[in-house]
Amino acid sequence: MRKYRDSIQKYFYCFILGPVFMVIEACGEFILPYLNAEMIDKGVANRDIAYILQNGLYMAVMALVMLMAGVLGAYFAIKGSSHLAADIRKKTFVQIQKFSFANIDEFSTGSLITRITNDITQIQNFAQTMLRGMFRSPIMLIGAIAMSFALNRKLALVLCVIVPILGFAIAVLIATASPRYEVMQQKLDVLNNGINEAVTNERVIKSFVREEFEKKKFAQMNEELMEKSMAVLKIMILMMPLSALAVNVATIAVVWVAGRQIMIGTMEIGTLTAFITYLSQVLTALTFLANIFLQGTRASASNRRITEILDAQIDLSDDHAARSEQVVERGEIEFRNVSFRYFQKNHEKVLDEISLKIDAGALVGIVGSTGSGKSTLISLIPRLYDVEEGCVSVDGTDVRDFSLSHLRESVAVVLQKNTLFSGTIAENLRWGDENASEEELRQACRIAQADSFILSLPQGYDTELDQGGVNLSGGQRQRLCIARALLKKPKILILDDSTSAVDMATDARIRKAFREELQGMTKIIIAQRITSVQDADKILVVDNGKIAGMGTHSELIQNCVAYQEIYYSQKDKEEAEYE
């Protein structure tokens with residue numbers, strides 16, 4: 001718990017008062033049987049009504065104090081553990097927000113969801129159980145044993161035999177179950193990944209009629225999780241029967257020994273009653289302590305998984321930003337001998353010795369085959385990834401010298417996957433600028449050719465979108481994402497195949513609006529269609545991580561074989577479709 005010291009210190013009173021009240025309750029637990037024994041042996045045996053009433057009053061007051069202490073102890077335990085979990089969850093989420101794409105890929109989305117929900121809940125449950133029992137159970141255990149010896153030393157020897165045996169059995173169970181909790185949490189990761197994938201791609205599953213396949217896939221993951229859960233529970237369910245067996249055996253032994261002492265008059269009935277109560281308390285306290293260790297075992301596995309997130313090396317940070325206060329002013333971009341690969345063990349580079357310069361305010365197109373490295377190339381500009389070799393600079397400054405916030409505020413990227421959120425169209429657009437006026441929304445949408453279709457909707461800009469914007473067409477989602485990016489008023493705008501679902505006429509109008517309305521903004525367009533970039537100031541042809549050609553459309557038609565192949569293959573296809 002040391003790593004959570006700051007969170008504990010915020011609510012230190014809960015972590016102090018909770019155990020204190022539970023200790024008060026525990027003290028009452030082993031004093032009450034003694035008072036009851038006294039009342040039976042002295043009051044009832046001698047028919048002393050005054051003594052019975054006096055002890056009964058003491059017991060009633062003590063029971064009331066125990067009730068209040070127990071309620072307050074539980075309240076502070078719940079409050080302290082809940083606040084602790086909330087703080088850990090917040091820290092974990094903040095850390096995840098710092099993750100680069102590479103960090104997220106390392107953990108997987110489903111695993112991160114499991115860790116920030118289920119794993120933190122396990123830590124919360126352990127903290128709550130510990131606050132309620134870490135002092136209460138030992139004090140109750142020691143107090144009950146001490147009172148047992150005070151009542152009858154011979155009978156107390158029964159505890160000296162039963163307690164070590166039960167303790168050893170419980171320790172073996174915990175040691176056996178401990179490693180299985182880690183495996184169980186890993187299977188939960190797999191299940192969450194599967195659920196996340198299936199729910200996210202539900203429309204694709206239905207369109208390919210793959211429901212049965214997904215059901216079988218889910219059933220297998222669910223079965224594996226159940227098997228691993230059962231592997232743990234099969235061991236842990238032995239704890240209660242073992243405890244019950246120990247209580248019953250010990251009770252029989254005590255009654256056997258005590259019965260003879262009562263018959264010869266060396267022990268009173270009240271003492272036997274109290275001793276059996278203490279015996280039950282000893283074994284109950286021991287079982288509760290075992291439960292703390294059991295939850296601690298599971299929480300330890302969860303804690304290791306949370307620690308992996310909190311201690312993860314963030315490969316993209318501002319730690320070495322030499323010009324953290326500098327902002328992008330013009331949008332000039334230069335790649336100097338840039339090489340990159342996603343995994344260090346890979347021999348083949350995704351980008352290899354890329355060098356190019358993009359003037360501020362220019363419109364640049366990038367074309368190439370699938371997997372050629374186009375998206376990777378533009379991902380290096382806003383530092384979604386960092387270069388392995390070489391340098392990417394903006395306005396003459398290495399992008400690693402900017403603060404991430406200043407750099408990314410100046411670069412707007414519309415990725416291949418168009419992500420919209422549940423809420424109104426206006427709310428989605430204001431992700432680009434939360435303070436944007438209605439006129440600014442309309443202007444950005446006019447440039448992105450989205451204004452007309454938005455106004456045709458019954459509620460216009462107040463139209464509610466389903467999660468992911470699934471109640472819009474692909475082309476409509478693309479245009480909204482472009483408009484949202486424009487509201488950032490970036491110095492550099494990057495469209496990664498973001499007009500692929502738009503018809504050619506609308507695509508042409510978007511490019512025309514870019515030229516007329518965004519003259520001071522550097523614009524980079526990755527496209528599959530040559531027509532989407534042929535009027536660009538410069539076109540890059542990327543092939544197998546290298547630049548195969550660079551120039552205007554007319555220059556590349558004459559000098560670049562790779563460009564010619566793309567252009568004529570598309571032209572032939574269009575002519576065939578036209579015929």
If only side-chain N and O atoms count, and only distance matters, is there a donor-acceptor pair under 3.5 Å linking [Y] with [X]?
X	Y	value
Ser393	Asp398	no
Ser372	Asp543	no
Arg89	Thr92	no
Thr522	Glu332	no
Ser473	Arg477	no
Tyr461	Asp451	yes
Tyr13	Lys79	yes
Gln443	Arg446	yes
Thr506	Asp503	yes
Gln478	Ser500	yes
His553	Tyr567	no
Ser532	Asp507	yes

Inset, instruction - Output, in order, the C-alpha distance, side-chain angles, deciding distance and verdict of side-chain contact (heavy atoms from CB on, under 4.5 Å) for Arg511 and Asp535. - result: CA-CA 9 Å; Arg511 285 183 282 113; Asp535 58 348; 3.2 Å; yes

Inset, instruction - Go through the steps for Arg341 and Glu388 under the test side-chain contact (heavy atoms from CB on, under 4.5 Å), then give the verdict. - result: CA-CA 7 Å; Arg341 51 188 166 188; Glu388 180 183 336; 2.7 Å; yes

